[in-house]
Structure formats: C-alpha cells, structure tokens
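Atom set for the values below is all heavy atoms of this structure, side chains included, hydrogens, waters and symmetry mates excluded. A note on names: the letters A, B, ... follow the listed sequences, proteins ahead of strands, and every chain is numbered from 1.
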Protein chains: 2
Amino acid sequence: MFSPQALQARLTDFRCRCAAAGLAATHQRFVIYRILLESKDHPSPEAVVARVREQIPSISHATVYKNIHTFVEMGLIREVNLLHQTSRLDANLDRHHHLVCEQCRKVVDFYDESLDRAQAAEPAPHGFAIRRYQVEAHGLCSECQSAGGES
Amino acid sequence: MFSPQALQARLTDFRCRCAAAGLAATHQRFVIYRILLESKDHPSPEAVVARVREQIPSISHATVYKNIHTFVEMGLIREVNLLHQTSRLDANLDRHHHLVCEQCRKVVDFYDESLDRAQAAEPAPHGFAIRRYQVEAHGLCSECQSAGGES
DNA sequence: ATAAATGCAAAGGATTTGCCGTCAA
DNA sequence: TTGACGGCAAATCCTTTGCATTTAT
C-alpha cells in the first residue's frame with residue numbers, strides 16, 4: 001500500500017494523532033493500525049483479527065473491532081462499504097445512482113445525467129472487465145444535518 | 001417507485017418471466033416481488049419479511065431470503081451493496097475508486113482522473129448534503145472471467 | 001405424479017456488549 | 001493513581017441450511 005518511508009511516516013503520525021485525541025498508545029492499537037496500513041486487499045475485521053493474531057495471538061475480537069471503530073471515527077481509515085450491516089434491495093433497474101447518509105445509512109435514489117456519463121479513461125487494472133459504473137454520493141441526509149451530524 | 005400502470009405491467013412481466021424460467025408462480029413469490037416493487041426505500045431482507053408478513057403472517061424467513069436470491073439471479077432486482085457480508089476496510093485515503101467483482105467480491109483500487117471528476121449536475125434531492133463521490137465499477141475480475149463468470 | 005417450494009427450527013458467521021482485570025500516562 | 005483499554009464470554013442480529021410437508025404444473 002505504501003512505501004517503507006511513507007509507512008514509517010504514517011506510523012509516526014499515528015502516535016501524534018493518538019496523543020492529540022487523548023488515546024493511549026497501546027501495543028495492540030499500534031499493531032492493528034500497522035496491519036491495516038500494510039493490507040492492500042481491503043480486509044474484513046475478521047481478516048484483521050487473523051493477521052494481528054500472527055503477532056499477538058491472544059488478542060480478542062472485541063479489541064480489534066473496538067479499535068477499528070475508533071480509527072474510522074478518527075478518520076484514519078475508511079469503510080469501503082458504508083452499507084454492510086445488511087443487504088439492501090432495489091427493484092428499480094432504471095439507470096440511477098445513490099445518496100448514502102454516513103450517519104443513518106439511509107439510501108436515496110439520485111438521477112443525474114452527469115453521473116450517468118462517469119467512465120474511466122484508463123483501462124481497468126489486472127484485466128478486470130467492467131460491466132457497469134455505479135456512483136455513490138456520501139454525505140448527510142437533511143434529518144442528520146439538523147440532528148447535528150458532527151460525526 | 002412505479003406508477004400504478006407500470007406496477008401492473010411489471011407484475012404481468014413477472015408471471016411471464018417466472019414461466020419462462022420454469023419457476024412456479026406461488027402466492028408467496030408474487031407477494032414478495034410486489035412488496036419489492038412498491039418499496040421506495042431500498043429495504044433489507046428483514047424489512048421485506050416484516051412487510052410481507054402484513055399480508056402473509058405465516059411466511060418464513062427462509063422463503064423470503066431464498067426468493068430474494070432467486071430474483072437477483074434472474075436480474076429482476078439488484079443489491080444496492082454488492083459488499084454486505086462484512087465490513088471492508090481501507091487505510092488508503094488518497095483519492096481513488098474501486099473495482100468490485102460481482103462473482104468473488106474482490107475489491108481492487110482503481111485510480112482514474114476521469115472518475116475523480118464525477119460530479120452531479122443536479123442538486124441532490126431532499127436537501128441531502130454531498131460530502132464526496134465514490135465510484136464503484138462492477139464487473140468480473142480476471143480470475144472469475146477465466147473460471148466462466150456466467151452468473 | 002413429480003419436481004419444486006414452503007415452513008420450521010437449528011446452525012452459522014459477523015459484530016456487539018458487559019464486566020472485570022490490567023496498563024499507559 | 002486512575003481512567004482508559006484489553007480480554008473473555010455471552011448475546012444479538014442477519015443469513016443459511018436440512019428436512020419434512022405442501023403445492024403448482
């Protein structure tokens with residue numbers, strides 16, 4: 001994911017950001033973050049648990065899950081899939097896109113011709129065959145804005 | 001989601017497509033599909049179970065879940081979130097997009113300036129505040145193409 | 001008649017919770 | 001010292017599975 005130098009830089013930043021946020025720089029927390037930085041494959045929390053256990057065999061699921069949440073809140077990492085708690089179904093097959101609320105996970109249809117035209121200039125890497133583009137616009141729905149979406 | 005006429009048309013189509021696919025036109029199957037057509041909110045399977053139970057109180061989870069899978073395979077409905085089995089994490093905060101394999105759910109980073117420029121021409125509906133755009137390109141990775149991705 | 005579909009209940013996997021002991025600051 | 005953190009185990013939620021019964025064709 002990162003060059004060795006960039007990796008070092010981020011790990012140093014990490015200590016600062018923990019200090020700034022008033023978070024203890026525990027060994028577990030540090031290893032979990034390093035594993036995430038080194039992972040090129042968008043791992044699941046379970047995969048992170050497995051990788052961390054190679055270095056800290058006794059680490060618990062709870063610790064890994066809690067730290068992942070902390071990192072997301074700090075903005076240190078992101079979830080690729082905002083909507084992963086459950087499947088979400090759509091019987092509307094017309095060309096359209098989705099607004100996804102980062103707070104409450106509401107999904108709203110979004111018809112927009114500019115977005116319909118989104119198309120890559122580069123060929124897809126690794127021989128990946130693209131079938132369709134789907135734009136997700138992430139943000140806050142009006143309810144969550146008024147509720148104070150300072151997440 | 002659809003006008004009354006469009007709804008009727010789709011329900012008629014539905015019977016034809018079931019017949020064509022050799023699927024029995026059961027009452028349960030029909031009601032599940034109608035609920036999906038009428039739902040404007042991208043419901044979860046659990047939400048579909050709840051709505052169907054207003055009409056068929058005795059319907060089982062298994063029936064709803066199995067039919068949803070059948071409908072997705074037939075292409076009658078789509079999943080908004082291809083990646084919903086588990087969270088997927090990304091420590092790479094650089095601007096980039098994702099290729100998602102419809103078959104094996106692998107996620108590959110995709111850097112492309114054209115996609116970076118994706119932006120709506122229309123204002124977002126319902127006062128939704130867009131924070132960032134994220135393009136997902138859905139298709140088949142090279143491994144799944146060779147394996148015969150005739151899903 | 002017969003293959004497919006439903007319903008039930010139990011199992012499975014991911015994630016969260018509460019509580020207690022431990023550690024970083 | 002002390003509040004935050006880690007570990008454990010149980011609980012929860014979503015989804016799948018196996019099997020016996022019913023139903024559509």
Subject >> Per A/Arg29 side chain, nearest of listed nucleotides C/dT15, C/dT6, D/dC5 >> reply: D/dC5

Original post:
From the list D/dA9, D/dT15, D/dG6, which nucleotide is the closest neighbour of the side chain of A/Thr26?
Top reply: D/dG6

**OP:** Go through C/dT15, D/dC5, C/dC19 for me and flag the one nearest to the A/Lys66 side chain.
**Re:** C/dC19

Original post:
Considering only D/dC14, D/dA9, C/dT15, which nucleotide approaches the side chain of A/Thr86 most closely?
Top reply: D/dC14

Subject >> Minimal non-hydrogen separation, B/His97 against B/Val135, with atom names >> reply: ND1-N, 3.2 Å

**OP:** Mind checking B/Glu46 for me? I need base, sugar-phosphate or nothing, with any heavy atom below 4.0 Å counting as a touch.
**Re:** base

Subject >> Selected nucleotide, minimal atom distance to B/Leu23 side chain, candidates D/dT16, C/dT15, C/dA5 >> reply: C/dA5

Original post:
C/dT17, D/dT16, C/dA25: which one has an atom nearest the side-chain heavy atoms of A/Ala25?
Top reply: C/dA25

Solution key, residues 5-12 of chain B side-chain donor-acceptor pairs under 3.5 Å, sequence neighbours excluded:
from	atom 1	to	atom 2	distance (Å)
B/Thr12	OG1	B/Gln8	O	3.0

Subject >> Closest heavy-atom pair and its distance - A/Cys141, A/Cys104 >> reply: SG-SG, 3.8 Å

Original post:
Taking the side chain of A/Ile59 as its heavy atoms from C-beta onward, which of D/dG7, C/dT15, D/dC5 lies nearest to it?
Top reply: D/dG7

**OP:** Check every atom of D/dT15, D/dG7, D/dC5 against the side chain of A/Ala62 and return the nucleotide holding the closest atom.
**Re:** D/dG7

Subject >> First encountered from the 5' end of DNA chain C, between B/Ile32 and A/Tyr65 >> reply: B/Ile32

**OP:** Using a heavy-atom cut-off of under 4.0 Å over every strand shown, decide if A/Ser44 touches base, sugar-phosphate, or nothing.
**Re:** nothing

